[in-house]
Engineer: 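Mind having a look at this structure? Questions to follow.
Atoms within each ligand, like the ligands themselves, are counted from 1 in listed order. Just the heavy atoms: all of them, side chains too, but no hydrogens, waters or symmetry mates, feed the values below.
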Amino acid sequence: DQERSGSPEVDGNTLVAMSLARAGVDRMFGVVGIPVTSLANRAVALGVRFIAFHNEQSAGYAASAYGYLTGRPGVLLTVSGPGCVHGLAGLSNAAANAWPMVLISGSSDQSFIGRGDFQELDQIAAVKPFSKFSAKATDISRIPASVFSVIDWAVAGRPGGTYLDLPSDVLHQTVSESEAERLIIQAENGRNKELIEKPRINYSEIQKAVELLRKAQRPLIVFGKGAAYARAENGLRKLVESTGIPFLPTPMGKGLLSDTHELAATAARSLAIGKCDVALVVGARLNWLMHFGEPPKWSKDVKFILVDVCKEEIDLRKPSLGIVGDAKDVVEKLHKEIKDDPFCLGKTHPWVEAIKNKVKENVAKMEVQLAKEVVPFNFLTPMKIIRDAILGVGSPAPILVSEGANTMDVGRSVLVQTEPRTRLDAGTWGTMGVGLGYCIAAAVASPDRLVVAVEGDSGFGFSAMEVETLARYQLPVVVIVFNNGGVYGGDRRNPDEITGPYKKDPAPTSFVPGAAYHVLIEAFGGKGYLAGTPDELKSALAESFSARKPTVINVTIDPYAGAESGRLQHKN
Ligand code: ADP
């Protein structure tokens with residue numbers, strides 16, 4: 001064939017790689033195997049960096065976070081059947097967090113479907129609850145258009161997960177090189193441009209929002225990871241500083257404006273949400289994390305102005321005013337509208353003063369706790385040492401990855417975020433096990449930043465084997481494990497109260513006490529530290545932050561220090 005047409009042949013694997021590269025994909029995460037190994041190799045040959053993991057679950061978490069950090073879909077490549085199923089962890093996490101991600105899985109040969117082929121599964125059905133859009137390339141000619149559509153759909157409107165199914169027979173079909181090029185150009189020209197256009201903002205709603213803010217006695221600006229994703233930080237800063245309105249970030253909104261900003265209400269959260277009369281909420285859902293926007297946490301009379309790219313979100317919450325639009329565009333328009341007729345609460349405004357005083361009081365209380373050096377470590381003592389070490393790095397600030405019940409809760413109030421998109425945590429779904437995947441995504445997305453994970457031993461254990469991935473790619477990641485011997489803590493049961501035939505088994509919440517997690521990474525040439533005292537921790541942090549090499553610091557925490565379910569005890 002090749003001789004007859006005079007043009008070399010391109011197979012399905014190569015055509016997928018070519019299409020991805022043309023769509024701007026330059027990083028991929030995944031686990032190779034039948035039938036996608038050549039696809040990964042071809043992609044690498046075309047300049048795509050392929051980060052190979054041990055488990056698709058971690059690789060999927062990485063892809064989801066990469067989408068959030070870069071604004072371009074993170075791509076996860078998996079094998080068929082079980083590989084695709086493991087990948088659902090990442091896809092569902094992307095859906096829950098509204099992050100753009102594409103899952104690409106190989107699948108069975110179409111001619112054997114229904115007869116028990118190798119790793120056979122109806123993958124289109126399996127991904128359905130977690131994907132906004134899916135495409136199956138049933139023939140090689142459909143590959144380029146399918147690739148472009150899954151990429152475009154992932155970022156369209158509210159970002160989320162999409163899926164591309166690549167049957168193994170299609171990966172082995174061939175076309176001539178010139179036909180491949182023609183198919184790619186045709187698909188590029190056929191892209192639906194409207195899909196990725198930002199919504200047009202209704203000017204009268206901007207005016208109404210400004211009126212509401214202007215008349216408010218106790219206004220508050222709340223922003224979340226949707227605003228971070230939209231890169232709304234400059235507009236938000238101008239809006240906050242020109243109006244003097246206090247602001248409250250959600251956990252991953254932290255850093256859009258520095259936690260140390262004089263209008264930050266983070267340390268006065270209960271007062272801010274309990275007493276505000278108008279809340280401008282930008283790129284954050286009024287879900288469980290925000291107490292559904294309802295009493296008793298919020299005042300029953302609060303007027304919400306919701307800014308969201310997703311109209312359904314606004315319809316669901318029924319705010320006083322909804323503005324459908326991109327967060328960056330909307331806040332800039334709000335600022336511009338205010339500039340024409342400015343207003344500013346000023347430093348002596350009673351609301352601003354009340355918030356500032358409460359912040360001062362709570363920060364002082366916390367500092368008293370942090371000043372005590374408790375050994376064996378509680379959660380606060382090592383967290384303060386880590387806070388100071390991270391602040392000592394300066395700019396560009398490290399990306400912080402945080403998970404675990406107590407470790408994440410304590411970390412959220414103690415650790416300081418000074419730059420946008422420098423915090424990744426368990427997120428909307430409270431997903432534990434994301435840590436290593438997020439670390440790898442952060443290091444790949446922002447090579448100039450140090451990445452620091454502060455996580456519980458349980459969160460770490462979900463994907464601890466990925467420390468080998470850190471070592472293999474020599475990523476500048478320092479993983480700090482708060483080791484208290486189990487989920488929430490060690491085995492704290494009274495032996496006399498345990499009954500039943502398995503009473504000698506360890507508690508469902510406990511792990512091997514004193515587990516040497518730091519030794520794990522040394523098996524792969526990384527650096528491990530064990531730290532049980534302030535001095536040991538300080539020196540481990542100083543060395544590893546300056547070395548910027550794959551590191552695990554195993555911090556020994558008192559097994560009795562953590563609370564069950566962390567801050568969410570009422571839910572367990
Ligand atoms: P958080 O966890 O920080 O509270 P959520 O994930 O609950 O944030 O909410 C983020 C919201 O931001 C989602 O409702 C999503 O639709 C919205 N969003 C995503 N991208 C944008 C954007 N570019 N502009 C405005 N809103 C966005």
Engineer: For residues Thr162 and Ala154, report the shortest heavy-atom separation together with the two atoms involved.
Structural biologist: CG2-N, 3.5 Å

Engineer: Suppose we measure from atom 3 (O) of ligand 1 to each protein heavy atom; which comes out shortest, and what is that distance?
Structural biologist: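 Going atom by atom, the protein heavy atom closest to atom 3 (O) of ligand 1 ends up being Thr250 OG1, 2.5 Å.
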
Engineer: What's the shortest distance from atom 25 (C) of ligand 1 to any protein heavy atom, and which residue and atom give it?
Structural biologist: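 Checking every protein heavy atom, the shortest distance to atom 25 (C) of ligand 1 gives Ala327 N, 3.2 Å.
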
Engineer: For a side-chain contact (heavy atoms from CB on, under 4.5 Å) check, start with the C-alpha distance between Val452 and Val401, then their side-chain angles and the critical distance, and finish with the verdict.
Structural biologist: CA-CA 6 Å; Val452 180; Val401 173; over 6 Å; no

Engineer: Within less than 4.0 angstrom of ligand 1, does Gly253 place any heavy atom?
Structural biologist: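 Per 4.0 Å heavy-atom rule, Gly253 does not contact ligand 1.
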
Engineer: Under a 4.0 Å threshold between the charged nitrogen and the carboxylate oxygen, would Asp26 count as salt-bridged to Arg49?
Structural biologist: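 No, no charged N to carboxylate O under 4.0 Å.
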
Engineer: For Pro249, is the nearest heavy atom under 4.0 Å from an atom of ligand 1?
Structural biologist: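 Contact absent.
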
Engineer: Output yes when a side-chain donor or acceptor of Glu403 lies under 3.5 Å from a complementary backbone atom of Gly433, and no otherwise.
Structural biologist: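 Yes; at least one donor-acceptor contact below 3.5 Å.
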
Engineer: Which protein non-hydrogen atom lies closest to atom 2 (O) of ligand 1, naming both residue and atom, and how far is it?
Structural biologist: Lys225 NZ, 2.7 Å

Engineer: Polar-atom distance check: Glu313 versus ligand 1, any N or O pair below 3.5 Å?
Structural biologist: no

Engineer: Pull out every atom of ligand 1 sitting under 4.0 Å from any heavy atom of Gly325, numbered as shown with elements.
Structural biologist: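 Ligand 1 atoms under the 4.0 Å threshold to Gly325: 24 (N), 25 (C).
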
Engineer: Considering only heavy atoms of Asn287, which atoms of ligand 1 have at least one such atom less than 4.0 Å away?
Structural biologist: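 Ligand 1 atoms under the 4.0 Å threshold to Asn287: 7 (O).
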
Engineer: Among all protein heavy atoms in this structure, tell me which lies nearest to atom 22 (C) of ligand 1, with the distance rounded to 0.1 Å.
Structural biologist: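 I find the closest protein heavy atom is Asp326 OD1, 3.6 Å.
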
Engineer: Any idea which protein heavy atom is nearest atom 13 (C) of ligand 1, and the distance to it?
Structural biologist: Asp308 OD2, 3.4 Å

Engineer: For atom 10 (C) of ligand 1, grab the closest protein heavy atom and report residue, atom and distance to one decimal in Å.
Structural biologist: Gly283 O, 3.2 Å

Engineer: To check your reading of the model: name the closest protein heavy atom to atom 7 (O) of ligand 1, its residue, and the distance in Å.
Structural biologist: Arg285 NE, 2.9 Å

Engineer: Would you call Asp388 and Lys384 a salt bridge, using N to O less than 4.0 angstrom?
Structural biologist: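 Yes, this pair counts.
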
Engineer: Please determine, by modelled atom types, if Gln207 and Ser204 share a side-chain donor-acceptor pair under 3.5 angstrom.
Structural biologist: no

Engineer: Verify, without hydrogens or angle tests, whether Lys132 (side chain) and Arg158 (backbone) share a donor-acceptor contact under 3.5 angstrom.
Structural biologist: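 Checked: pair present.
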
Engineer: Give the residue and atom name of whichever protein heavy atom lies nearest to atom 26 (N) of ligand 1, and the separation in Å to one decimal.
Structural biologist: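 Ranked first by proximity to atom 26 (N) of ligand 1 is Val309 N, 3.2 Å.
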
Engineer: Please collect all ring pair (Phe, Tyr, Trp, His ring centres under 6.0 Å) contacts where either partner lies in residues 297-320, sequence neighbours excluded, each pair once.
Structural biologist: Trp298-Phe304

Engineer: Report the residues that fulfil ring pair (Phe, Tyr, Trp, His ring centres under 6.0 Å) with Phe460, sequence neighbours left out, ordered by chain and then residue number.
Structural biologist: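 For Phe460 the ring pair (Phe, Tyr, Trp, His ring centres under 6.0 Å) partners, ignoring immediate neighbours, are Tyr517.
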
Engineer: Under 3.5 Å, N or O to N or O, is Tyr229 touching ligand 1 that way?
Structural biologist: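 Not met; the criterion fails.
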
